[in-house]
Amino acid sequence: MNTEGLVEVVLPGKVEPEGLEIRHGAVPAAGAGQVVIRMEATGVSFAEQQMRRGRYYDQPPFPFVPGYDLVGTVQATGEGVDPHLAGTRVAALVKVGGWASHVRVDAADVVPVPDGIGAAEAETLVVNGITAWQMLHRKARVRAGQTVVVHGANGGVGSVLVQLARAAGAQVIGTASPRHHDALRERGVVPVDYRADDLAARIRALAPREGVHAVFDHVGGRGIVASWRLLAPGGTLVSYGSAATRDAEGSKQWPVLKLLGRVWLWNALPNRRSACFFNVWAGRALTRNRFRSRLRADLTQVFAALQRGEVSAQIAAQLPLARAAEALRLAESGTVAGKVVLNP
């Protein structure tokens, strides 16, 4: 008999972090094809920062439980699921629902975490690792000897991206605030102050004459044009967010639609460069099995890179689930490097 209760954090509407609510209930039961994971680590990603402002472009209606991903141990298996899965540590990408002590997911959506990797370590690399891996290897197809630009090189995705790019043999120019520059240099990254007035000119001075092979841009807004102009012929711009509009008012879809329109236009021009807007969920509705197998393969590669020491798990802080408001504040402060992790 399981005497544990469910604890979850609820986002009731557009609120300051202190407006998050803690809710108690019964632990869900595993249905057919499902598992219940006892959460050991979940995290604060940029998505939750946008969601609490009502700015994430496909968030569910309020109230809901946020939490983009989680790592934990399978506590119960439903009908049709291998019972041996119980007791194993797994990771899952869920978009919402991760900020809870127990989370029910489809068994096909869990990815085993290799022995020797801690829950908090693994958590730093779920959404950030898959995003970085797929942008680098599936979209930009970066190879050894190429030069790439990573905006926000100290951020959640950016810090994983620069390490994976260096492991692939690429030269990396990374934008970040000056306090992160020494840490970036230690990783073999050439740092540039993202607030410099002549940012594009500074990057161009460091880049090969014909331009760079790839630019990874999570900022969006007006700066995306400068990112596009940095590309060499055959180069790829990977846009994966609109951080510039996090605090903006008005439509949450408009910044993304504007980006998509720009990407479409650039790709229609005969300029030998390409642009894409990366969304980790793309293709899930149409080819669910293919989406799952690709996600599993890519996250497995990221965990293997961690085990080889090519990527480090950067934990900025660990706080209990009940202090989610504090964790969200900390993540939004821009003062920490790595991932803010929540434990039960």
Side-chain angles (χ1 to χ4, degrees), residues 6-23 37 39-72 91-103 105 119-120 122-132 152 154-160 218-220 240-249 252-253 255-256 278-281 314-344:
L6 171 71
V7 182
E8 54 189 7
V9 177
V10 179
L11 185 55
K14 287 189 201 177
V15 292
E16 290 302 305
E18 292 71 26
L20 290 169
E21 296 168 0
I22 305 289
R23 188 165 66 191
I37 302 169
M39 186 272 286
E40 294 172 53
T42 181
V44 184
S45 65
F46 190 72
E48 288 90 34
Q49 301 174 35
Q50 289 182 304
M51 285 177 187
R52 78 161 182 86
R53 296 166 166 86
R55 303 288 306 166
Y56 191 78
Y57 68 101
D58 62 349
Q59 69 188 72
F62 296 116
F64 62 91
V65 176
Y68 216 88
D69 57 6
L70 72 145
V71 172
L93 191 67
V94 290
K95 193 186 289 185
V96 293
W99 289 7
S101 61
H102 300 78
V103 182
V105 299
E123 162 55 30
T124 66
L125 294 172
V126 184
V127 63
N128 292 346
I130 290 165
T131 300
N154 65 294
V157 174
S159 59
V160 182
H218 69 302
V219 184
Y240 66 104
S242 54
T245 63
R246 183 187 76 174
D247 297 318
E249 294 299 318
K252 61 177 177 270
Q253 277 87 15
V256 175
F278 178 82
N279 170 13
V280 76
W281 300 101
Q314 224 175 339
I315 302 166
Q318 291 193 68
L319 290 117
L321 193 59
R323 287 166 65 190
E326 214 177 309
L328 189 50
R329 269 270 174 246
L330 185 61
E332 290 190 15
S333 71
T335 60
V336 294
K339 185 111 184 199
V340 177
V341 174
L342 291 166
N343 306 117

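Atom OG1 of Thr131 sits about 9.0 Å away from atom CG of Asn279, to the nearest 0.5 Å. To the nearest 0.5 Å, atom CD of residue Glu123 and atom CD of residue Gln318 are 10.0 Å apart. Here the straight-line distance linking atom CG of Leu342 with atom CD of Glu326 works out to 10.5 Å at 0.5 Å rounding. Once rounded to the nearest 0.5 Å, the distance linking OG of Ser45 with CG of Leu328 reads 9.5 Å. For the atom pair CG (Leu330) and CZ (Arg323), the distance works out to 10.0 Å, reported to the nearest 0.5 Å. From Asp58, atom CG reaches atom NZ of Lys95 across 3.5 Å, with rounding to the nearest 0.5 Å.
Applying the side chain to side chain contact (heavy atoms under 4.5 Å, CB included) criterion to Pro60, with sequence neighbours excluded, gives Phe64, Val96. Remark: Glu21 engages no residue in a salt bridge (charged side-chain N to carboxylate O under 4.0 Å, His left out) (not counting sequence neighbours). Every residue two or more places apart in sequence or in another chain that forms a side chain to side chain contact (heavy atoms under 4.5 Å, CB included) with Ala119 is listed here: Glu40, Ala41, Val71, Arg89.
In plain terms, the two heavy atoms of Lys14 and Gly54 that are nearest each other are CG-N, 4.1 Å.
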Verdict with supporting geometry, Tyr240 and Val280, side-chain contact (heavy atoms from CB on, under 4.5 Å): CA-CA 9 Å; Tyr240 66 104; Val280 76; over 6 Å; no

Phe46 vs His218, side-chain contact (heavy atoms from CB on, under 4.5 Å): CA-CA, chis, key distance, verdict: CA-CA 10 Å; Phe46 190 72; His218 69 302; over 6 Å; no

Intermediate values then yes/no, side-chain contact (heavy atoms from CB on, under 4.5 Å), Val126 and Lys339: CA-CA 11 Å; Val126 184; Lys339 185 111 184 199; over 6 Å; no

Steps toward side-chain contact (heavy atoms from CB on, under 4.5 Å) verdict (Ile22, Val9): CA-CA 5 Å; Ile22 305 289; Val9 177; 3.8 Å; yes

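Side-chain atoms of Arg52 never come within 3.5 Å of backbone atoms of Glu48 as a donor-acceptor pair (strictly under, hydrogens ignored).
Aromatic ring orientation, Tyr68 versus Tyr56: perpendicular (interplanar angle above 60°, classes split at 30° and 60°).
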